[in-house]
Amino acid sequence: MKEAYNFEEIEKKWQKIWEERKIFEVKEDPARPKFYCLEMYPYPSGRIHMGHVRNYSIGDVIARFKKMRGFNVLHPIGWDALGLPAENAAIKHGIHPKKWTLDNIDYMRSQLKRLGISYSWSREVNTCLPDYYRWNQWIFLKMFEQGLAYRRMSWVNWCPQCRTVLANEQVVAGRCWRCDSEVSQKKMEQWFLKITAYADELLSGHEKLNKWPEHVLQMQKNWIGKSEGALVNFKVPSINKNIEVFTTRIDTIYGATFVVLSVEHPLTPELIAGHPEKEKLLAWIKKTIAENRVRKEIKEEEKTGYDTGLKAINPFTGQPVPVFLANYVLMDYGTGAVMGVPAHDQRDYEFATKYNLLITPVIKPASPDINPLAGQAFEEYGILFNSGEFDGLKSEQAMEKMAAVAEARGFGCKSVTYRLRDWGISRQRYWGTPIPVIYCEKCGLQPVPYDQLPVEIPYRAEFTGEEGSPLEKIPEFVNTTCPKCGGPARRETDTMDTFVDSSWYFFRYCSPQESKLPFDPEKVDYWLPVDLYIGGVEHAILHLIYSRFFTKYLRDLGLSRTDEPFPHYLAQGMVTKDGSAMSKSKGNVVDPDEMVKAYGADALRIFILFASPPEKEFAWSEEGLEGCYRFILKIWNLVEESLDVFRARTDVSGELDNAGSYQRVNKKLHQTIRKVTDDIEQRFHLNTAISALMELTNSLKKEKDILRQSQKGRELLKKALTDLILLLSPFAPHLAEELWQKTGQAALVAETGWPVYDPELAKEEMITIVVQINGKLRDKFEIEAETDEEILKEKALNLPRIRELLGGKQPKKIVCVKNKLVSLVV
RNA sequence: GGGCAGGUGGCGGAAUUGGCAGACGCACUAGGCUUAGGACCUAGUUCCUGAAUAAGGAGUGCGGGUUCGAUUCCCGCUCUGCCCA
């Protein structure tokens, strides 16, 4: 009697055994090669979603595979547990953020365990516990000591109704998410981390990241946005001040017919001091500042500016040019001032046209074949003219020479700027790491001494969503004593961006209990870098760049020797259904729990991996899942029906009736081992690995009754089933363990080695050779592999069909490729 | 506007180095088995012409190029998605 496949029972059983026997717990072992397999840790929002299942299933295949290949595998998980949603839940439902978060974690942990992911649970990291976030504070203080954490004025979103600061995600279409009133901008003192100090290394480090997807590197490059150019001073004689502009095109400077400053430029007040329409101008400036914060892009028709009436001197031409304020120059980039070259910059061109400014061309195309289009700027490099002593130079040469001249004459120099800004980490929120700083009336700003860490998030707080951060309203928290003079002082009430937590959590996994330092440098030295990092591409810029920054900082602090935390990043594609990303707002979310209940974790895992390669989009379909469930049933039944071959029998004759069957299955087996191994190890194409397993299963199913008629065939079937179970185990680990046990194995699959193939046996002996005439397939024939090209040619020409088609004519040319084809040209 | 990724049957996808396009799965069709089945078994399924298991033609977004040969390489266009402005 065949036993039925009861996935619920089987999966629970093996999850329990793995946990009890601590199969996936690891220690440093210098004798073995290590493999650190990491998936992006989840935010404990309440429930696991399909994106998580995909992410963790991919990671689990790799982790289990590497373990079977003999690696010492670290495969940890944790929780990105601080953040705004917990606070929102408190505001909306009156649940304390801590309770909400910890409850969510408990539930989601059980969900992950139900999926059978091979995590080292003893290393679980939870960022909302003081044990973890105290080290955020520790690292912050180290940065503060070195001037890499600093405070300055910066803009925040402000809801005038709720009188509170809003996070960007709380601003919906320019309005407050709670009260729908219009969000304004407010300047406040904020904390920053000096990531720009590492701008150059973050960029040059890309060279080591040859196992990152090219497009992710490109995104980071754009984000860092290095531009090489020059700084040039334009003197404003009437107020005796210099306007320093940054330009990447100093070769066009003879065409600079005006200067434009950001409305937020520090010189603005002086520039407009004597303006006849000062009031009107101030109103416009205020409006522009507000708009610049909200708006992402400035379209042509929206470019507005004001003439200050003042003139600046173009240091190259010596000519006075008008000084403008405009909304299309941002204080955040370069120096907050640019020179306007309307002939060679499209934005300047549009601006000049609108305000009737002089347009002076100074660059002509290098080749006379190119005609600059009328009615727009010519932005290409070319040959200088109208440029005094620099006439006739190419743009590239001119840029060098003119920067040198500017430097020699004292009004400029070569310069590099970055688009990358320092990282603003201040959040006026409760559920985050308190920034460990104290303000004393007498002594001023004081860092919290290391021995007073952690500064804990006070439990008792009120969550109204109004009137500033909850922390501000907790006197026991705010009121403290100055660590220097002992007098009364106030605590900083800002908390840290949660990206700080996720910038180094992968260090913490190496020694999660460490209490003297953020992590044990020796253990980190053994495990880092992460050998494979898997996660959604939505974190490709911020999280990955911040993590790289922290890694470099921790290295410079002497705590680690790792330059790049993630030498290999696998960017997983989106999970979609009905053509769009699964999301609550779209209402197309499929709950993994229900699927696990209906089909089991193994079927869900196999389907999610089978439907598309990891880096591509994955489209949900329940029919597809059913198909994978049937595949599992097929394997189950195949093994059930063949269990007798695992028992010694004497009543089977020794000789094989069907040698062809033996050959086919043996070859298929070795080819499958080869393909599954290569697909996992080299390409991460888990979908084709699974399809290879399906093929092997189909073939065994078809041949098993013939094979079992002889002793030799029974041995092969036994080996094939054994290897099939092993190959299957990273994908469907519970099923594999159960079948493994059924076939009489004492050890666990998870502790067994990966099957090995014989390259000789995996080779095809007979090969189909294709015969083409004029590139069209006309016939084919079977022949031994590696047969000489001459023989192929002869054989092809003698095929009856080919002779008929040639009609006695000699081909003009014959191309022969060993093991592939014969191509005739007539 | 710039950068990147992608476009292959009814659907998800395969084709790893320029060499048989459509593996594997879904869905569907016909038949079998069954009291029944969303189970299982057998056969079939890119499109067009054909009674056909005969034979031929077209075919990997569109147009061109390189090549004996292009889903794959090159040029131009187009559409979709992502990122940045």
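The sequence lines fix the lettering, A, B, ..., with proteins before strands; numbering per chain opens at 1.
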Could you tell me how far apart [X] ([atom1]) and [N] ([atom2]) are, to the nearest whole angstrom?
{"X": "A/L821", "N": "B/rU67", "atom1": "CG", "atom2": "P", "result": "18 Å"}
{"X": "A/I545", "N": "B/rC83", "atom1": "CD1", "atom2": "C1'", "result": "13 Å"}
{"X": "A/Y5", "N": "B/rA39", "atom1": "OH", "atom2": "P", "result": "17 Å"}
{"X": "A/I224", "N": "B/rA85", "atom1": "CD1", "atom2": "P", "result": "14 Å"}

Watson-Crick or G-U wobble partner of [N], both distances under 3.5 Å:
{"N": "B/rA54", "value": "none"}
{"N": "B/rU67", "value": "none"}
{"N": "B/rC40", "value": "B/rG32"}

Within the 4.0 Å heavy-atom criterion, would you say [X] contacts the bases, only the backbone, or no part of the nucleic acid?
{"X": "A/R674", "result": "nothing"}
{"X": "A/L824", "result": "nothing"}
{"X": "A/N698", "result": "sugar-phosphate"}
{"X": "A/V815", "result": "base"}
{"X": "A/K221", "result": "nothing"}
{"X": "A/R801", "result": "sugar-phosphate"}
{"X": "A/Q772", "result": "base"}

Flag the pair [X] / [Y] as yes when their ring centroid distance falls below 6.0 Å, and as no otherwise.
{"X": "A/F378", "Y": "A/Y349", "value": "no"}
{"X": "A/W636", "Y": "A/Y629", "value": "no"}
{"X": "A/F684", "Y": "A/H568", "value": "yes"}

What N/O pairs connect the protein and nucleotides 11-14 of chain B at under 3.5 Å? Give each pair on its own line.
{"residue": "B/rG12", "atom": "O2'", "partner": "A/A611", "partner atom": "O", "Å": "2.7"}
{"residue": "B/rG13", "atom": "O3'", "partner": "A/N687", "partner atom": "ND2", "Å": "3.4"}
{"residue": "B/rA14", "atom": "OP1", "partner": "A/N687", "partner atom": "ND2", "Å": "3.0"}

Applying the side chain to side chain donor-acceptor pair (under 3.5 Å) criterion to A/Y328, which one of A/T288, A/T304, A/D348 satisfies it?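 Checked A/T288, A/T304, A/D348 against A/Y328; only one passes side chain to side chain donor-acceptor pair (under 3.5 Å): A/D348.
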**Prompt:** Taking atom OH of A/Y599 and atom CD of A/E594, what is their separation to the nearest 0.5 Å?
**Reply:**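 It is 11.0 Å, given to the nearest 0.5 Å.
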Margin query: Can you say whether a donor on the side chain of A/K813 sits under 3.5 Å from an acceptor on the base of B/rC68, or the other way round?
Written below: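 Answer no: no donor N or O sits under 3.5 Å from an acceptor.
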Of all the choices, B/rG57, B/rA27, B/rG19, which nucleotide is nearest to the side chain of A/R778 once you look at every atom?
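Looking only at side-chain atoms, A/R778 lies closest to B/rG57.
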Item to complete: Could you verify whether a donor N or O on one side chain and an acceptor N or O on the other, from A/Y5 and A/E738, lie under 3.5 Å apart?
Response: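 A/E738 and A/Y5 do not have a side-chain donor-acceptor pair below 3.5 Å.
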Quick check: do A/W423 and A/F499 have side-chain heavy atoms less than 4.5 Å from each other?
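A/W423 reaches A/F499 side chain to side chain.
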